[in-house]
Amino acid sequence: MIIFKHTSAIRSYLLAKKATNTTIGFIPTMGALHGGHITLVTKASNETQLVVCSIFVNPTQFNDLKDFEKYPSTLENDVFLLEKAGCHVLFLPSVAEIYPDGAETAPHFDLGVLETMLEGKFRPGHFQGVCQVVHRLLEIVVPSKLYLGQKDFQQCLVLKKLVEMMGIDTTVMIAATKREPDGLAMSSRNLRLTEADREKAPLIYSSLLSIQRDIQAGDILHLTEKAKKLLNENGFKVDYIEIADAATLTPVQEWDGKMQLVILAAAYLNDIRLIDNLIL
Ligand code: AMP
């Protein structure tokens, strides 16, 4: 695996590859890699000729400075996992490489209601930051395919919109959420859970599964209210549990029994924020 730190160097390397019609699969990450990231690398490796991964903890997408400062970093292990999974190129840029004119000058994207609902409501500015960094990375890498995880469901919709809006010539590929054996969605933030909270954490996914089991056409609001109560009683601080139209994220309270739905949840255990979702 070749590691690049500078934009100019990776650009010329990838341009030469593109000139020989090599297909590029790209996985943007913030590091502290786990099995979820690795499923994206494996998928890219099966579907494209050259796999490029980036590790960059993007300051503009953190609305909470503490969360940014405490974001785990496990670079040595990340390099080991990526090499083992068949990644060819790792891009490790500095903030100055990504935002050469300063992060304040990064463009603003019109994301419509997607920006202010659910994650957007609880993390103001988050999706602007995500779009700024991914837009910049796509400019540098120019991948044939962009690999994202369903774990960040709203982020997938936002980035599909970005790609469409900006006319970027890349195909967005979405991989299913990889889970621990007890159902907890793999996440870099899981590393920061206390032992007691780690034991509680799978309750988020089991709440989603209970809703899936109980849902019927008609009024469905009581299902999310029940799940929220259960989580709050078990020491979580729930930001939201919502059942929504899987295509638009518009909340659904009366279900016609046909529309494809997604249940989305975000909750804190102490100061660690966990998110998960389930497509029905
Ligand atoms: P992050 O490093 O958290 O920014 O994530 C980088 C990419 O990995 C994003 O597209 C995530 O959605 C994806 N990802 C993170 N966790 C998982 C998981 N448990 N399963 C599948 N994809 C994931």
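Whatever order the structure lists them in is the order used to number ligands and atoms, beginning at 1. In what follows, every heavy atom counts, from backbone to side chain, and hydrogens, waters and symmetry copies are set aside.
The part of Pro28 lying near ligand 1 is the backbone, judged by heavy-atom distances below 4.0 Å. Within the 4.0 Å heavy-atom criterion, the part of Leu40 lying near ligand 1 is the side chain and not the backbone. Proximity of Ala176 to ligand 1, defined as any heavy-atom pair under 4.0 Å, is confined to the backbone N, CA, C and O atoms.
Distances between N or O atoms of Asp152 and those of ligand 1 include at least one value under 3.5 Å. For ligand 1, the polar-atom distance check finds an N/O of His37 within less than 3.5 Å of one of the ligand's N/O atoms. Considering backbone and side-chain N/O of Ala175, none are found under 3.5 Å from N/O of ligand 1. For ligand 1, the polar-atom distance check against Met186 finds a nitrogen or oxygen pair separated by under 3.5 Å.
Within the cation-pi definition used here (under 6.0 Å to the ring centroid, within 45° of the axis), Arg179 qualifies as a partner of Tyr205.
Using bins of under 30°, 30° to 60° and over 60° for the plane-to-plane angle, the ring pair Phe62/Phe68 lands in the tilted bin.
Under 4.0 Å is where a charged nitrogen must lie from a carboxylate oxygen, and between Arg189 and Asp271 no such pair does. Taking 4.0 Å as the cut-off between side-chain N and carboxylate O, Lys161 and Asp110 do not count as a salt-bridged pair.
Remark: aromatic rings of Tyr147 and Phe26 are distant, center separation not under 6.0 Å.
Looking at residues two or more places apart in sequence or on another chain, you find no ring-ring contact (aromatic ring centres under 6.0 Å, His included) involving His88.
For atom 10 (O) of ligand 1, the closest non-hydrogen atom of the protein is Gly149 N, 3.0 Å. Atom 18 (C) of ligand 1 has Gly36 CA, 3.6 Å as its closest protein atom, hydrogens excluded (heavy atom only).
Which parts of ligand 1 touch Leu148 is read off a 4.0 Å heavy-atom cut-off, strictly below it: atoms 10 (O).
Side-chain polar atoms of His6 and Glu97 form a donor-acceptor pair below 3.5 angstrom.
Distances from atom 16 (N) of ligand 1 to the heavy atoms of Lys178, Met30, His34 put His34 nearest.
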Table please: side-chain donor-acceptor pairs of residues 220-227 below 3.5 Å, with sequence neighbours left out.
from	atom 1	to	atom 2	distance (Å)
His222	ND1	Asp219	O	3.4
Thr224	OG1	Leu221	O	2.8

